[in-house]
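Have a look at the structure below before the remarks.
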2 protein chains.
Amino acid sequence: MNSFTEENYLKAIFKLSQKTNDGVSTNAIAESLETKASSVTDMIKKLSEKKLVNYKKYQGVSLTKKGKDIAVSIIRNHRLWEVFLVEKLNFKWDEVHDLAEDLEHINSKKLTNQLDAFLEYPKYDPHGDPIPDKDGNIHRHQDITLADLKLNEQGIVVGVKEHSKSYLNYLESINLVLGTEIKVKEVVDFDRSMSVTINKENTVNISHQASKNLIIKRS
Amino acid sequence: MNSFTEENYLKAIFKLSQKTNDGVSTNAIAESLETKASSVTDMIKKLSEKKLVNYKKYQGVSLTKKGKDIAVSIIRNHRLWEVFLVEKLNFKWDEVHDLAEDLEHINSKKLTNQLDAFLEYPKYDPHGDPIPDKDGNIHRHQDITLADLKLNEQGIVVGVKEHSKSYLNYLESINLVLGTEIKVKEVVDFDRSMSVTINKENTVNISHQASKNLIIKRS
DNA sequence: ATATATTTTTAGATTAGTCTAAAAATATTT
DNA sequence: AAATATTTTTAGACTAATCTAAAAATATAT
Ligand SMILES: [Mn+2]
Ligand SMILES: [Mn+2]
Ligand SMILES: [Mn+2]
Ligand SMILES: [Mn+2]
């Protein structure tokens, strides 16, 4: 039906349109897919032909209902496969993204739904990202990060906003995995770094770069 | 590294070379991949460039060590995924082949080996085909079919030589699944059809077309 | 409001895989 | 051994996705 490439464009447009209110720009898509603006224009025309995106020259692009449904189902696949790899095949959370990038394109409603059932309908993937349900509904959590917490406030780590191997590895090395309880003990005004207590046990120093990418649920 | 297309050619050449002693013909590959002979020639040249096949114009083609290793690893993937789909996701044996055709191209040694472990190192796929081990060794069973059995001989169904949905569905409808014990009660000379007893319970009539595709282990 | 910078689109080329039609090589008949 | 049939290869064209370079549109600065 749609090529891998088309699906990747739809997914990229979906993710970018979460961040802005108006149309997604050609350049933004190009950057996100590591391709050139001219290639993006070509593909947008094709997706527009297929009624998967709304497009007016120079005006940016948005997904149609049809396009959005496809994007969400691919994201559902991606996150379910990540859960599978971590929960069933003993992969670490920093190893699964690239494989899921391939697996997400295996197109079978039955496969996706059986996998979902086999995994017992997980709500979140290994990085805390919400898994769209069968009907495409996504329950996204609040966008509070550790950097938003004030002195002595505390919360639970529920996700990450940055998915690079190096960040995930670093977090694991200081025991900052999903579910960890965290409390702010000190905030340095100068560089916005923090001292935080992890699980009421050890205390570590965290840069602003690191804290602003940790999604927290106040507790 | 190699495209899906290249991998499919390697797999096709591997399977065809099991059946003959000398080189695989261009036409045979074309038929097996449902493409044209001219396309095959083009691809063979490319695979030859990459040292994955041995090729002399007009002489047919054979796999190099490198090409064979790739082919076998794809077959390993294919069969492991089929086991996964049947054993873990409750698919029927006639529903898994097409999905496995896609999944087999997900290229990750770690994924394959972890999947193998998760499935507890299965020796055969849902159609009785042997699963190559980590090192590419394949233990193929004897090539005796039900059609080879004489009157009053008996055996266990261990595989099928034909993988079409219609054939697999038919077998299931008469309870002829893997592991079934089968005994020849009558052979009709005229059309080589047979009467056979299944699991010492019911007796059914089977055409030669059906019996020659059932792989049997004498018992 | 003009000039300058940035973004987006177009024009034209490239690569992988495919196809049809024709030519070349090999195999089969007579 | 020559004629005929079959198989394989080549030549040339097509599509999807990409790129570079240049043109057109839009945004920003003076
Ligand atoms: Mn991911
Ligand atoms: Mn994820
Ligand atoms: Mn199969
Ligand atoms: Mn099989």
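Keep in mind it's a predicted model, so treat the numbers as computed, not measured. Throughout, protein chains are lettered first and strands after them, A, B, ... in sequence-line order, and every chain is numbered starting at 1.
Legend: residues meeting salt bridge (charged side-chain N to carboxylate O under 4.0 Å, His left out) with Glu162(A), ordered by chain and number and at least two apart, are absent. Shown here are the side-chain hydrogen bond (donor to acceptor under 3.5 Å, both in side chains) partners of Ser166(B), two or more places apart in sequence or in another chain: Ser164(B). With sequence neighbours left out, Glu82(A) forms a salt bridge (charged side-chain N to carboxylate O under 4.0 Å, His left out) with no residue at all. For Lys161(B), the salt bridge (charged side-chain N to carboxylate O under 4.0 Å, His left out) partners are Asp143(B), not counting sequence neighbours. Residues forming a salt bridge (charged side-chain N to carboxylate O under 4.0 Å, His left out) with Asp133(A) (at least two apart in sequence, or on another chain): none.
For the OP1/OP2 pair of dA16(D) and a distance below 4.0 Å, the side-chain nitrogens and oxygens of Tyr9(A) include no atom meeting the criterion. For dT8(C), neither phosphate oxygen OP1 nor OP2 lies less than 4.0 angstrom from any side-chain nitrogen or oxygen of Tyr55(A).
Note: Trp93(B) and His127(B) have parallel aromatic rings, judged against thresholds of 30 and 60 degrees for the angle between ring planes. Using a 30° and 60° split on the angle between ring planes, Phe4(A) and His105(A) fall in the parallel class, below 30°.
The residue Lys56(B) sits apart from the nucleic acid: no heavy atom pair falls under 4.0 Å. Thr5(B) comes within 4.0 angstrom of sugar-phosphate atoms only, judged by non-hydrogen atoms across all strands, and of no base.
The salt bridge (Lys or Arg N to Asp or Glu O under 4.0 Å) analysis of residues 60-74 of chain A, with sequence neighbours excluded, yields the pairs Lys65(A)-Asp69(A). Sequence neighbours left out, the pairs with a member in residues 83-101 of chain A that pass salt bridge (Lys or Arg N to Asp or Glu O under 4.0 Å) are Lys11(A)-Glu101(A), Glu95(A)-Lys110(B).
Met43(B) has its CE atom 18 Å from the P atom of dT8(D), to the nearest Å. Leu47(B) places its CG atom 13 Å from the P atom of dT9(D), with the value rounded to the nearest Å. Across the protein-nucleic acid pair, Ile44(A) atom CD1 and dT10(C) atom P stand 11 Å apart, rounded to whole Å. Rounded to a whole Å, the CD atom of Glu7(A) is 15 Å from the C1' atom of dA16(D). When rounded to the nearest whole Å, the span between CG of Asp42(A) and P of dT9(C) equals 10 Å.
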Quiz: residues 12-21 of chain B side-chain donor-acceptor pairs under 3.5 angstrom, not counting sequence neighbours:
residue	atom	partner	partner atom	Å
Ser17(B)	OG	Ile13(B)	O	3.0
Ser17(B)	OG	Phe14(B)	O	2.9
Thr20(B)	OG1	Asp22(B)	O	3.0

Could you tabulate the donor-acceptor pairs under 3.5 Å formed by side-chain atoms of residues 24-31 of chain B, not counting sequence neighbours?
residue	atom	partner	partner atom	Å
Ser25(B)	OG	Ala28(B)	N	3.1

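Applying a 4.0 Å cut-off to non-hydrogen atoms, none of the residues of residues 11-21 of chain A approaches DNA chain D. For residues 23-40 of chain B, proximity to DNA chain C is found at Thr35(B), Lys36(B), Ser38(B), Ser39(B), defined as any non-hydrogen atom under 4.0 angstrom from a strand atom.
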What N/O pairs connect the protein and nucleotides 24-26 of chain D at under 3.5 Å? Give each pair on its own line.
residue	atom	partner	partner atom	Å
dA25(D)	O4'	Tyr58(A)	OH	3.4

